[in-house]
Enquirer: 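One structure coming up, written as structure tokens, with questions to follow.
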Amino acid sequence: MAPQGKLDLDPEAVRTARRLAARAAEPIIEMARSHTTVSVERALLRLAGLAGADDGGRPWANHLADAVRDQVGLEHGLALPVWDALLTGPHGSLHDLAQAAAAGRVSFRLPSGADAGHARKAAAEAARGGIARIDRRRAERDRLLAELPAPDSADPPQPLVYLIVATGDIYEDIPQAQAAAREGADVVAVIRSTGQSLLDFVPEGATREGYAGTYATRENFRLMRAALDDVSRELGRYVRLTNYASGLCMPEIAALAGLERLDMMLNDCMYGIIFRDINPRRTFIDQRFSRQVHARAGIVINTGEDNYLTTADAVDAAHTVVVSQLLNERFGHEAGLADAQLGLGHAFEIDPAVPESFRLELAHAQLVRELFPGAPLKYMPPTKHMTGNIFAGYLLDAFFNLAGVMTGQSIILIGMMTEGIHTPWLSDRDLALENVRYVRDACGSLAEDFVPRPDGMIVQRARQVLAESVDLLERIADDGLLDAIAEGTFGVTRRPPGGGKGLDGVVPRADGYFNPAIDILDTEDPHAGRAGSAAQQEVPA
């Protein structure tokens with residue numbers, strides 16, 4: 001049998017792992033297909049153009065969804081009651097209808113017969129309009145990637161340099177993001193304000209009061225995208241923008257990201273469950289819709305397996321990272337994401353005091369690279385074992401950058417020597433960018449020359465992690481993913497299926513359920529006619 005990459009992985013073991021991941025994922029996929037949530041329904045309203053909030057900051061999308069739910073329920077979806085009310089009442093727009101609903105002046109019903117047919121057609125046209133805007137924004141990205149090539153290259157050299165901006169004030173984030181791009185950042189991530197995951201509404205407008213991050217709002221997306229477009233033209237290369245599609249409003253934020261042409265979104269199958277105590281059922285249902293939107297928008301998702309290693313040991317729990325990556329791959333493919341959109345995450349988090357820690361890191365990173373050859377892997381820097389010794393931290397970050405280059409990682413989030421500070425000194429960012437630029441430029445195509453010894457420690461360790469992953473997937477496939485999460489399999493945190501926040505927003509679909517956005521996303525290939533386009537190849541592995 002032919003060798004499998006540099007690690008000569010057993011191809012049957014790889015096939016078995018994927019087969020088991022698909023079996024473990026299937027009940028979750030069926031649950032997502034047979035349920036809806038309040039945020040999925042609100043996402044339809046946002047795609048249809050409903051925006052804004054009342055004087056207290058509560059979005060009109062929430063007001064309208066709540067009114068329909070209180071009167072007729074959500075098991076048939078929002079579309080029929082809402083567009084029936086638009087067609088039969090005095091309200092000229094979704095905005096007018098939402099205001100009237102908030103004031104208690106609308107009686108909703110579930111229409112039947114010809115009235116249902118008219119409402120269905122009107123809702124489908126509205127959803128189609130929002131998805132057409134996402135298609136146009138995707139085409140804009142294609143055009144800019146073609147018009148703004150990096151010097152002497154069709155795109156920046158890999159790994160792409162990913163940098164976080166997180167002041168809490170969008171008007172301070174903008175100049176910092178532009179400065180980072182001028183210093184060499186290829187991807188700018190605007191980290192979210194602490195706790196936004198737990199808000200069951202999306203704030204409106206430009207915000208200046210976030211804590212340890214900036215609120216994810218449509219206006220903030222628009223402002224930052226415009227600012228990075230300006231600096232992209234200045235630099236002659238396209239600078240990518242990242243935010244977070246997670247938490248209780250994951251579907252809505254995904255829709256807003258598509259409408260405002262974000263390029264990457266943090267979107268993991270279990271992060272919100274484990275680290276934000278969001279109900280598992282709510283998370284998986286919301287996630288499927290959000291990933292369908294990402295697929296349509298050409299957005300690359302970033303998954304969060306790196307977070308497991310902040311609470312679990314990076315050596316002992318290495319196989320849980322691989323298992324989560326395989327599950328994220330399966331869920332992503334089912335939702336329509338191409339391999340080139342699967343920014344699967346992992347991290348350089350082994351305790352540096354462990355003997356031969358760097359060799360272990362290389363084994364883990366190379367294993368992930370070979371398991372997912374078409375995915376734009378996102379490699380996260382050391383954080384758990386960073387100390388106040390900034391010189392040791394700077395050295396550790398250099399080793400991380402070296403591992404990223406040696407193993408052909410696609411995206412690396414640069415490490416900071418003052419890692420514990422959410423908003424580091426600008427000079428620290430410059431030093432971090434200088435570090436990664438030096439390593440990337442000095443190593444060049446070193447990945448081509450890095451070939452582990454066939455019977456050496458790196459190869460043996462990678463095979464061991466793969467074998468442990470298969471063993472764990474067998475247990476999960478037999479016992480169920482929800483039970484595995486409840487037992488603390490990932491990140492050593494237990495989250496039962498009936499616990500966490502947001503379960504009250506989960507609704508089983510009734511016969512006749514209708515959401516035209518889901519119908520479009522379910523039945524149309526998000527990549528049709530785009531084979532080989534810049535959007536599909538924007539972060540090739």
Side-chain angles (χ1 to χ4, degrees), residues 3-10 13-14 17 158-159 305-310 312-325 344-373 375 377-387 389 391-415 417 419 435-436 438-440 442-472 541:
Q4 301 296 302
K6 300 174 182 181
L7 300 174
D8 194 18
L9 299 174
D10 179 1
V14 174
Q158 290 199 12
E305 284 82 5
D306 57 284
N307 293 282
Y308 304 158
L309 305 185
T310 64
D313 182 80
V315 177
D316 294 342
H319 63 296
T320 69
V321 169
V322 172
V323 168
S324 178
Q325 290 164 337
L344 302 173
H346 57 132
F348 188 101
E349 287 286 18
I350 297 173
D351 186 341
V354 170
E356 300 195 278
S357 62
F358 188 66
R359 294 176 78 190
L360 288 168
E361 293 284 7
L362 290 176
H364 296 176
Q366 187 66 32
L367 172 62
V368 175
R369 177 71 284 167
E370 294 191 18
L371 284 175
F372 308 98
L377 302 177
K378 180 186 172 190
Y379 199 27
M380 297 290 283
T383 58
K384 184 176 180 178
H385 300 288
M386 295 289 275
T387 68
N389 184 337
F391 303 104
Y394 199 64
L395 178 62
L396 197 57
D397 284 334
F399 270 66
F400 158 71
N401 294 331
L402 178 60
V405 172
M406 289 180 67
T407 59
Q409 303 301 309
S410 307
I411 308 162
I412 55 173
L413 193 158
I414 64 170
M417 54 190 183
E419 192 64 51
N435 187 324
V436 70
Y438 168 73
V439 173
R440 187 174 65 178
C443 291
S445 299
L446 179 61
E448 297 174 2
D449 299 319
F450 170 54
V451 182
R453 186 162 52 88
D455 59 348
M457 180 262 211
I458 289 174
V459 169
Q460 295 302 320
R461 173 59 184 168
R463 293 174 182 172
Q464 176 190 352
V465 173
L466 177 58
E468 291 173 353
S469 301
V470 170
D471 289 343
L472 177 55

Enquirer: If only atom types and distance count, is the side chain of Arg440 paired as donor or acceptor with the main-chain N or O of Cys443 below 3.5 Å?
Expert: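 Such a contact is absent between Arg440 side chain and Cys443 backbone.
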Enquirer: Side chains of Ile414 and Asn435: does their closest heavy-atom pair fall under 4.5 Å?
Expert: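 No, side chains not in contact.
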Enquirer: Do Val465 and Val321 touch side chain to side chain, with heavy atoms closer than 4.5 Å?
Expert: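 No, their side chains stay 4.5 Å or more apart.
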Enquirer: Shortest non-hydrogen contact from Leu360 to Pro355?
Expert: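 Heavy atoms of Leu360 and Pro355 come nearest at CD1-O, 4.3 Å.
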Enquirer: Only counting residues at least two apart or in another chain, list the ones meeting ring-ring contact (aromatic ring centres under 6.0 Å, His included) with Phe358.
Expert: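 Scan of Phe358 (ring-ring contact (aromatic ring centres under 6.0 Å, His included), adjacent residues dropped) gives Phe399.
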Enquirer: Please give me the minimum heavy-atom distance between Ser469 and Val323, naming the atom from each residue.
Expert: O-CG2, 3.6 Å
Enquirer: How long is the span from the OG1 atom in Thr407 to the CZ atom in Arg369, to the nearest 0.5 Å?
Expert: 8.0 Å
Enquirer: Is the shortest side-chain heavy-atom distance between His346 and Tyr379 below 4.5 Å?
Expert: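 The answer is yes, as the side chains (C-beta and beyond) meet within the 4.5 Å cut-off.
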Enquirer: Could you tell me which non-hydrogen atom of Ile412 sits nearest to which non-hydrogen atom of Asn401, and how far apart they are?
Expert: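 Distance-wise, the nearest heavy atoms are CD1-OD1, 3.7 Å.
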Enquirer: Can you tell me how far CZ of Phe348 sits from CG of Leu309, rounded to the nearest 0.5 angstrom?
Expert: 12.5 Å
Enquirer: Output the distance between atom CG (Asp10) and atom CZ (Arg463), rounded to the nearest 0.5 Å.
Expert: 9.0 Å
Enquirer: Are Leu371 and Leu9 side-chain neighbours, meaning at least one heavy-atom pair lies under 4.5 Å?
Expert: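 SC-SC contact between Leu371 and Leu9 confirmed.
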Enquirer: When Gln366 is tested against each of Met406, Gln409, Lys6 for side chain to side chain contact (heavy atoms under 4.5 Å, CB included), which residue passes?
Expert: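 With Gln366 as partner, Met406, Gln409, Lys6 yield a single side chain to side chain contact (heavy atoms under 4.5 Å, CB included), made by Lys6.
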Enquirer: Going by an N to O cut-off under 4.0 Å, is there a salt bridge joining Asp351 and Lys384?
Expert: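 Salt bridge: no.
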Enquirer: Ignoring hydrogens, what is the shortest heavy-atom contact between Met386 and Asp397? Give both atom names and the distance.
Expert: CE-OD2, 3.9 Å
Enquirer: From Met380 CE over to Asp306 CG, what is the distance, rounded to the nearest 0.5 angstrom?
Expert: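 Rounded to the nearest 0.5 Å, the CE-CG separation comes out at 4.0 Å.
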Enquirer: Would you say Thr310's side chain and Asn307's backbone share a donor-acceptor pair under 3.5 angstrom?
Expert: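 Yes: the side chain of Thr310 pairs with the backbone of Asn307.
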Enquirer: Between Gln325 and Val368 (side chain of the first, backbone of the second, donor and acceptor by atom type, cut-off under 3.5 Å), is there such a pair?
Expert: no
Enquirer: Taking all non-hydrogen atoms of both residues into account, name the closest pair between Ala462 and Leu7 and its distance.
Expert: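 Closest approach of Ala462 to Leu7: CB-CD1, 3.6 Å.
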Enquirer: Anything under 3.5 Å between a donor and an acceptor, one on a side chain of residues 447-458, the other on a protein residue two or more places apart or in another chain? List them.
Expert:
unit_1 : atom_1 : unit_2 : atom_2 : d
Arg453 : NH1    : Asp455 : OD1    : 2.8

Enquirer: We want to know whether Gln464 and Gln460 form a side-chain donor-acceptor pair, criterion being a heavy-atom distance below 3.5 angstrom.
Expert: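 Gln460 and Gln464 do not have a side-chain donor-acceptor pair below 3.5 Å.
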Enquirer: Are the side chain of Ser324 and the backbone N or O of Thr320 linked by a donor-acceptor pair below 3.5 Å?
Expert: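 It does not hold such a pair.
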Enquirer: Listed by chain and number, what are the ring-ring contact (aromatic ring centres under 6.0 Å, His included) partners of His364, not counting sequence neighbours?
Expert: none
Enquirer: Quick check: does any side chain N or O of Arg461 sit under 3.5 Å from a backbone N or O of Ala363, one acting as donor and the other as acceptor?
Expert: no
Enquirer: Any sub-3.5 Å donor-acceptor pair from Glu361's side-chain atoms to Ile350's backbone N or O?
Expert: yes
Enquirer: Give, for atom CG of Leu466 and atom CG of Asp471, the distance between the pair rounded to the nearest 0.5 Å.
Expert: 9.5 Å
